[in-house]
Peer 1: 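Have a look at this one.
Below, each value reflects all heavy atoms present in this structure, side chains not excepted, and no hydrogens, waters or symmetry copies.
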Amino acid sequence: MPGPLSHLRVLDLSRVLAGPLAGQHLADMGADVIKVERTGTGDDTRAWAPPFVAEPSDGDPGLSAYFMAANRGKRSLAVDLTQDEGAALVRTLAAKADVILENFKVGGLVKYRLDYDSVRATNPSVVYCSITGFGQDGPYATRAGYDFLVQGMGGLMSITGDTDAAGGEPMKVGVAIADQISGLNALTGVLAALVRRERTGEGERIDVALLDSTIGALANQSATFHATGQAPGRMGNAHPTVVPYQVFKTADGHIILAVGNDGQFTRFCEVGGLDHVAADHRYTTNAGRIINRETLIPELERTFLKRTSADWIASLEAASVPCGPINTIDEVFADDQVQARQMQRHLEAPRLGHVAVTANPIRLASHDTTHAGAPPRLGQHTRDVLRGELGFDDHTISDLAERDIIQVWPRA
């Protein structure tokens, strides 16, 4: 059955992670996503390796593991925008696109006449989404934005990592989370604009910034600042407003205890043989446990050391106390629940056979939301796009390739 967005064409001019991730979600939902890449090198992340899934060779940058994360289901059109004929090809596609994704620096597409105002002149109903580090206006608008920088500038690193007293330092998240949040915000904006277009016929300009997205994701931490005027700090694995809600060392490893209410705390104490703690008025409410965290946590730490992780998890789960292991990524994909949810998929890729990808976590009853198309080789679909969308014949395509205006894969 066709996906819910199978009537839409997306021109993906973005690279690295935030924009490509939004484009991959649209492809997974059925949209025809044409990924425009530079000839020779393609998306920056094709070279962010090893590891490679397909090694580079003779003008082909290959497939890096990083590139595989955000480009499933797209058609790769390799074109040199710096040449007038190349830019003209992309402008023709832009005039027909329902959605355009781009993450060039502010004003970077004006010289190619692929900026919003230029595209809108020929395609007034286009939904045009720009993703940048700092947005389209403000004193930082012209700065290049990278996930790591924005995690720091947006406050996320100030609340991530162990405390100074524990010898910690500000710490980034282990994945490019600012990019990912921005990509999902871009996706939300695009979908909202498409719904609006269905009612009004009007296109939309969408402005998504990594900095804004990171600040927006501070959630309860920024709400605490708004309420108190005090900036929250780093607490390691502890929670600022729920106790006990952190990692504990056991006799043979570590587990997570996530007590979310007073009833769960009482049951935890029963499992742990801590009746005296449950009866202590200092700890009977979450507010009390927050105030008296420094006396409570050391006692719990001593208790957890008496039993193994598996023993604790089995006993706590039986008592409906939220807890769990800290899995390595190989353990994640070996987990029974993860396998039941089919979160690892294998897609058929030309000349490679089956390649593994992480499935789309959104599930629709009507449609498999993990596109069957593997992430493309650079220029894999150049011929198809130029033939099917622009009506070019083989002679014209060969001429463009010989003059390095486009790149095709595999090369003759």
Peer 1: Taking the inter-plane angle between the rings of Phe268 and Phe304 on a 0 to 90° scale, is it parallel (under 30°), tilted (30 to 60°) or perpendicular (over 60°)?
Peer 2: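 Rings of Phe268 and Phe304: parallel, as their planes differ by under 30°.
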Peer 1: If we ignore angles and hydrogens, is there a donor and acceptor under 3.5 Å between the side chains of Ser309 and Asp252?
Peer 2: yes
Peer 1: Apply side chain to side chain contact (heavy atoms under 4.5 Å, CB included) to Asn261 and list each qualifying residue two or more places apart in sequence or on a separate chain.
Peer 2: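 In terms of side chain to side chain contact (heavy atoms under 4.5 Å, CB included), with neighbours along the sequence ignored, Asn261 is linked to Gln264.
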Peer 1: Given Ser315 and Arg307, is the side-chain hydrogen bond (donor to acceptor under 3.5 Å, both in side chains) satisfied, shown in steps?
Peer 2: CA-CA 11 Å; Ser315 299; Arg307 296 160 64 177; 2.8 Å; yes
Peer 1: Within the supplied structure, the quantity of interest is the number of heavy atoms (other residues, nucleotides, ligands) at a distance under 6.0 Å from Phe392 CZ; does it exceed 12?
Peer 2: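 Yes, the 6.0 Å shell around CZ holds more than 12 heavy atoms from other groups.
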Peer 1: Do Asp80 and Gln83 pair up side chain to side chain, a donor and an acceptor below 3.5 Å, judged on atom types alone?
Peer 2: yes
Peer 1: Count the heavy atoms of every other residue, nucleotide or ligand shown that sit under 6.0 Å from OH of Tyr245, and state whether that count exceeds 12.
Peer 2: no
Peer 1: Have Asn185 and Ser213 got a donor and an acceptor in their side chains that come within less than 3.5 Å?
Peer 2: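 Side-chain D/A pair, Asn185 to Ser213: present.
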Peer 1: Around atom NE2 of His281, are there more than 12 heavy atoms from other residues, nucleotides or ligands closer than 6.0 Å?
Peer 2: no
Peer 1: Is it true that the side chains of Ser118 and Tyr112 contain a donor and an acceptor less than 3.5 Å apart?
Peer 2: no
Peer 1: With a 6.0 Å cut-off (strictly less than), is the heavy-atom count around OH of Tyr146, excluding the residue itself, greater than 12?
Peer 2: no
Peer 1: Verify the neighbour count for atom CZ of Arg341: are there more than 12 heavy atoms of other residues, nucleotides or ligands below 6.0 Å?
Peer 2: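 Incorrect, the count does not exceed 12.
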Peer 1: Go through Thr224 and Gln221 one step at a time and tell me if the side-chain hydrogen bond (donor to acceptor under 3.5 Å, both in side chains) criterion holds.
Peer 2: CA-CA 5 Å; Thr224 294; Gln221 296 281 35; 4.9 Å; no
Peer 1: How about Phe67 and Trp48: are their ring centroids closer than 6.0 Å?
Peer 2: no
